[in-house]
There are 2 protein chains.
Amino acid sequence: MTTELPATVSWQDDTLCLLDQRLLPHKVVIEAQRSVEDVFRAIRELRVRGAPAIGIAAAYGLAVALQSSQSTSRDASMRVLDAAAQTLKSARPTAVNLAWAIDRVLARARAEASADIYTVVVDEARAIHEEDRAICRGIADHSVDLIRSGCGIVTHCNAGALAVSELGTATAPMYEAHRRGIPFRVYADETRPLLQGARLTAWELAQAGIDVTLICDGTAAHLMTQGLVDLVLVGTDRVTANGDVVNKIGTLPLAIVARHFNVPFYVACPSSTYDPNTPSGNEVTLEQRAPDEVREIMGHAIAPMDVKVLNPAFDVTPSDLVTGIITERGIATAPLAESLAKLLSSHRAATTQ
Amino acid sequence: MTTELPATVSWQDDTLCLLDQRLLPHKVVIEAQRSVEDVFRAIRELRVRGAPAIGIAAAYGLAVALQSSQSTSRDASMRVLDAAAQTLKSARPTAVNLAWAIDRVLARARAEASADIYTVVVDEARAIHEEDRAICRGIADHSVDLIRSGCGIVTHCNAGALAVSELGTATAPMYEAHRRGIPFRVYADETRPLLQGARLTAWELAQAGIDVTLICDGTAAHLMTQGLVDLVLVGTDRVTANGDVVNKIGTLPLAIVARHFNVPFYVACPSSTYDPNTPSGNEVTLEQRAPDEVREIMGHAIAPMDVKVLNPAFDVTPSDLVTGIITERGIATAPLAESLAKLLSSHRAATTQ
């Protein structure tokens, strides 16, 4: 990576280091994790966030558990790992990626005959980390040509290097285009209520030297009337079988506005985000979050504290508003249902070969 | 008014009282204005905001100036008024309504033969106040039928009683429907960056007992997918000859989203907001405001303090996205240019008769 952005998760000299995202953008603090309790706290307290980043941190966290134990036998080490796994999984019990990464490392440790369990664990954690990096690089390679010299891009929330690895998803083509010296501008929606765009995206792109401008969520339409926007690029939490896109609240109006002004609307994600078992966005239950996230900003009341609030975390952008879905396997385009199924089945074929 | 909302500006027992809007919604403080300096400070420091409210406060402020002076002769009183007028106008020199209201009171004081200048000044200030109330009542009467039993309404920013008089503009049909016992729900956009929706609209509607729910600016589209929204009602700062609507940033995406879901989009304003001399929104220069309004919320940094920001105060909603423009003279509908000109010319005829 050609940028100055510190890694969210890194493993150097046998030390797990995590960037404390709670303190961004005001302070850049990278903390060495000395015990499994340290890693537990970091995940629990959202110092590290973003599904892939949490999984990678927990995988390395198992190696940290072995470092701080005195066990010498293989059996003793396995007991340490099992206890650490239980602790780490409990940090955010609903995070699917967390349990998946931990179980994968445990399975590898059990399967390998080698007595050097520590090396096996580090090796598998590194493999998970490297696969995540490769996915982001794949997304970058498939989509960098969407960014033409001088273009303006709107993005929403943070689907960046802070949530994933190295290049992020929606940000992957931006980092790659920047590396190639292509000039472009990014307008980052601040993304109320939790302001991931203001706190994280604006910060990480600026750190990388990318020309980024922070805007309020209602401003992108006005910029489109001024001819400043050529492309919208966002991430997603789930893509359903028909190509509907579940993403941070505020994505749907951005897609509608983009269509109104004939601006292409692209979504970037790992192919694992595709959920062929859910027919459409109508079948997805959208999380409602706490009213105080809207009534307060960083602990300061901005509204009557007894006012009713609706605070859905996500909205659903119907597939007909989506120009393309960028994965590490290629870009799915209309008709999205067929295009996604084709990309996915070729993926399955590749992994089973 | 049938509500519990305290008046922004009131004149009772020869005392000018102003509601300090800076402290809302956390504190309701109504302060008696004892001198022209008090009124100057209240306007300067935005304790009172909204063009009509500022004009009315300044008109009464001239009466306050006479109260605190020792002058007994007519000439001495006129000198007091002239000095007070100069002071009050300097509080917000670009507020057209402020100078207009002051000059109107001065002209009446000069024209009247009566030696009792104080009574003349109070009388003219009351006339201005009453005309503003009548305009809001006219808007309410013409538009209350838009609010059907059980309907859901999205509004943006604050075009309410706090900015105008008594009923407000966009809120006028809401207050009238509520008075008539018609049940409905309002979704108030918080309205970043300055959060007038969260701080003022949500507060004033809740005070009046209206069913109001606060939402982030990117949430209305999702509510429309759920069938919760039947109507959008907003105010405006200027309507151009062709019916384009200049209003708070974030109004344009709301209009585009409303059109996408076939939700009617109405704009409410006094007929004086119509500007027949500006052909369209393209000719309106839109104010760019300070970056720190976006980087900070109520003094707390929410983004890197050196990040670039675009912070336009307004956007332009093209007339073809506007279902109707509600004035005290009636509702203009498509084709808006012709409909507005007809409403305006009948107004001119009425005033010159």
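Proteins come first, then strands; the chains are lettered A, B, ... in the order of their sequence lines, and each starts at number 1.
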Does anything in residues 228-241 of chain A get under 4.5 Å of chain B by heavy atoms, and if so which residues?
none
In terms of heavy-atom proximity below 4.5 Å to chain A, should V307(B) be classed as side chain, backbone, both, or neither?
side chain
Evaluate the side-chain proximity of H300(B) to H300(A): yes if any heavy-atom separation is below 4.5 Å, no if none is.
yes
What closest approach, in Å, do K308(A) and D211(B) show between heavy atoms, and which atom pair accounts for it?
NZ-OD1, 2.5 Å
P291(B), G197(B), A301(B): which one forms the most heavy-atom pairs within less than 4.5 Å of chain A?
A301(B)
Between H260(B) and L252(A), does a side chain to side chain contact (heavy atoms under 4.5 Å, CB included) hold up when you go through it step by step?
CA-CA 11 Å; H260(B) 183 82; L252(A) 170 61; 5.9 Å; no
Is A206(B) in contact with chain A via its backbone, its side chain, both, or neither, using a 4.5 Å heavy-atom distance?
neither
Is chain B contacted by the side chain of L223(A), its backbone, both, or neither, given a heavy-atom distance below 4.5 Å?
side chain
Looking at V212(A), I215(A), L254(A), T213(A), which makes the most heavy-atom pairs under 4.5 Å with chain B?
T213(A)
Tell me the closest heavy-atom pair linking A221(B) and P253(A), and the distance in Å.
CB-CD, 3.7 Å
Taking all non-hydrogen atoms of both residues, which atom of A303(B) and which atom of P25(A) are closest, and how far apart?
C-CG, 3.5 Å
Relative to chain A, which segment of L194(B) carries a heavy atom at a distance below 4.5 Å: side chain, backbone, both, or neither?
neither
Between Q226(B) and L286(A), is there a side-chain heavy-atom distance shorter than 4.5 Å?
no
Max heavy-atom pair count under 4.5 Å with chain A, selected residue of L200(B), T225(B), V316(B), L195(B):
L195(B)
Which atoms of P193(B) are under 4.5 Å from chain A, going by heavy atoms: the side chain, the backbone, both sets, or neither?
both
With respect to chain A, which residue among D217(B), T191(B), V257(B), T317(B) yields the maximal number of heavy-atom pairs within a distance under 4.5 Å?
V257(B)
I302(B) portion near chain A, given a 4.5 angstrom heavy-atom threshold:
both
Scanning both residues in full, the closest heavy-atom pair of C216(B) with V294(A) reads SG-CG2, 3.8 Å
I'd like to verify something: which residue of A188(B), P312(B), A202(B) has the highest number of heavy-atom pairs under 4.5 Å with chain A?
P312(B)
Which of the residues E190(B), M305(B), R295(B), M298(B) is involved in the greatest number of heavy-atom pairs with chain A at under 4.5 angstrom?
E190(B)
Would a 4.5 Å heavy-atom cut-off, applied to side chains only, mark M224(B) and I256(A) as touching?
no
Tell me the closest heavy-atom pair linking I297(B) and I297(A), and the distance in Å.
CD1-CD1, 3.0 Å
Got a second to check how far T219(A)'s OG1 is from I249(B)'s CD1, nearest 0.5 Å?
4.0 Å
